[in-house]
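Read through the structure below, which is laid out as structure tokens, and then see the notes.
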2 protein chains.
Amino acid sequence: MVTFIVKSNTAKTKFLLKDLPGSGKRIDVLCRCVNSAFCLSHDIRRDTVLYLCFGRKTIKFVGKELKHLTPDERGIAILLRKAIEDNPTPGVYISEKSFQETVLESGKEIIYLDEKGEDISHLKLKKDMCFVLAGHLGFSQEDRGFLERIGRKTSISPRILHADHCIIVVHNFLDRS
Amino acid sequence: MVTFIVKSNTAKTKFLLKDLPGSGKRIDVLCRCVNSAFCLSHDIRRDTVLYLCFGRKTIKFVGKELKHLTPDERGIAILLRKAIEDNPTPGVYISEKSFQETVLESGKEIIYLDEKGEDISHLKLKKDMCFVLAGHLGFSQEDRGFLERIGRKTSISPRILHADHCIIVVHNFLDRS
């Protein structure tokens with residue numbers, strides 16, 4: 001069971017479906033993270049758990065329980081909205097746990113992504129790891145300090161990628177390991 | 001300059017922005033292919049060209065000329081619509097070239113993605129290759145026969161991925177090569 005935790009310091013819990021990047025302050029990135037974490041061609045990655053931490057909420061997606069997941073951003077934004085309105089669909093859970101609590105409670109080896117980290121190809125990958133990523137403005141200084149204390153700084157590309165693209169690359173390394 | 005050509009046998013040139021997967025017959029996949037081909041964190045892949053072949057049209061995106069590209073599906077769908085209505089934004093071109101003409105005119109080494117192909121890690125990758133992918137229902141039998149004659153069948157994952165996810169993985173292999 002691989003875990004991804006994505007922290008966004010900008011995304012809002014209120015947004016317009018017709019303007020996710022603007023009204024939702026880049027909640028479109030989080031929607032695409034859900035797609036990246038779970039969507040295979042005509043299948044779902046049931047062995048994956050994803051946490052999105054934003055706007056004082058944490059939304060958890062459990063692959064093996066998910067229903068009603070469509071790969072498009074708008075469909076995923078509707079699932080987020082349902083969770084935020086306390087009417088979550090199966091496999092989706094909402095809490096007020098902080099990002100740092102969520103990371104600590106994962107109980108797994110923490111790998112956090114940073115372009116200055118050690119290349120992922122040097123890691124001994126296990127399915128039972130927790131990968132931590134930041135939304136479009138990176139980690140805050142406080143979160144970065146926290147992650148430096150408990151995690152392993154890892155890079156997945158010589159280029160700086162969006163969080164949703166990072167999840168695809170991590171999955172590919174795990175699929176091949 | 002890396003080239004991607006994505007063929008969709010379902011996507012429509014007329015669609016509703018509020019229902020891309022349904023009304024556009026999975027044009028959402030093509031929108032995400034544009035994101036995958038070009039979007040870096042706060043940057044654009046200027047050394048990439050993408051062709052989307054669907055509904056008797058071919059839309060070409062030239063990275064080094066692109067303007068007004070946003071990473072969200074809806075924003076990209078608006079760029080597609082402008083091109084389809086013969087009012088394309090900079091870096092976007094529309095033609096009635098067929099998929100097979102588009103592939104032949106690339107003048108590059110053709111790598112087509114198929115889960116039964118040779119693993120990409122065995123290839124001697126060059127930036128000047130053309131990667132050919134299918135939308136959500138795979139290649140038609142005719143297109144598959146055509147690609148078998150002129151291209152190299154390559155797999156990028158032990159799992160079957162969406163076309164937009166495949167582009168991310170190919171970019172990662174190229175970025176590392």
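With a threshold of 4.5 angstrom between heavy atoms, B:Pro71 approaches chain A through its backbone and through its side chain. Contact of B:Leu161 with chain A is made through backbone and side chain together, with heavy-atom distances under 4.5 Å. Looking at B:Asp119, the atoms closer than 4.5 Å to chain A (heavy atoms on both sides) all sit in the side chain, from C-beta outward.
For the set B:Lys18, B:His162, B:Glu73, B:His42, the entry with the most heavy-atom pairs within less than 4.5 Å of chain A is B:Glu73. Counting heavy-atom pairs closer than 4.5 Å to chain A, the top-ranked of the candidates B:Asp28, B:Asp164, B:Leu40 is B:Leu40. Of the listed residues B:Thr70, B:Asn35, B:Asp43, the one with more heavy-atom pairs under 4.5 angstrom with chain A than any other is B:Asn35.
B:Leu20 and B:Val29 fall into different hydrophobic clusters, defined by Ile, Leu, Val, Met, Phe, Trp and Tyr side-chain heavy atoms under 4.5 Å apart, directly or through other members. Under the 4.5 Å side-chain heavy-atom criterion for grouping Ile, Leu, Val, Met, Phe, Trp and Tyr, A:Val132 is not connected to A:Leu50 through any hydrophobic cluster. The hydrophobic clustering, which links ILVMFWY residues whose side-chain heavy atoms are closer than 4.5 Å, places A:Phe131 and A:Phe139 apart. Note on B:Leu30 and B:Ile160: separate hydrophobic clusters, where clusters join Ile, Leu, Val, Met, Phe, Trp and Tyr whose side-chain heavy atoms are under 4.5 Å apart, directly or indirectly. Residues A:Tyr51 and A:Ile27 are members of separate hydrophobic clusters, defined by side-chain heavy-atom contacts under 4.5 angstrom among Ile, Leu, Val, Met, Phe, Trp and Tyr.
The two residues B:Ile5 and B:Cys53 have their closest heavy-atom pair at CG2-SG, 3.9 Å. Nearest heavy atoms, B:Ala11 versus B:Ser8: N-OG, 3.0 Å. Contact between B:Pro90 and B:His68 at its shortest, heavy atoms only, is CD-CD2, 3.8 Å.
In this structure, A:Arg74 and B:Arg74 have side chains that are not in contact, with every pair of non-hydrogen atoms separated by 4.5 Å or more. Between A:Ile84 and A:Phe15, some side-chain heavy-atom pair lies under the 4.5 Å cut-off.
Listed by first and then second residue, the salt bridge (Lys or Arg N to Asp or Glu O under 4.0 Å) pairs that reach into residues 3-17 of chain A are A:Lys7-A:Asp143, sequence neighbours excluded.
Without hydrogens or angle criteria, B:Arg32 side chain to B:Ala163 main chain gives no donor-acceptor distance under 3.5 Å. Listed for the B:Arg26 side chain is no donor-acceptor partner under 3.5 Å among the backbone atoms of B:Asn9. A distance-only check finds no donor-acceptor pair linking the side chain of B:Thr48 to the backbone of B:Gly63 [under 3.5 Å].
At a heavy-atom cut-off of under 4.5 Å, chain A is reached by no residue from residues 92-117 of chain B. Identified by a heavy-atom distance below 4.5 Å to chain B, the contributing residues of residues 167-177 of chain A are A:Ile168, A:Val169, A:Asn172, A:Phe173, A:Asp175, A:Arg176, in residue-number order. Heavy-atom neighbours of chain A within the stretch residues 120-129 of chain B, taken at a separation under 4.5 angstrom, comprise B:Ile120, B:Ser121.
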Side chain to side chain contact (heavy atoms under 4.5 Å, CB included) between A:Phe54 and A:Ile59, worked out: CA-CA 8 Å; A:Phe54 65 107; A:Ile59 303 183; 4.0 Å; yes

Stepwise, does the side chain to side chain contact (heavy atoms under 4.5 Å, CB included) test hold for A:Leu79 with A:Thr89? CA-CA 7 Å; A:Leu79 291 194; A:Thr89 45; 3.5 Å; yes

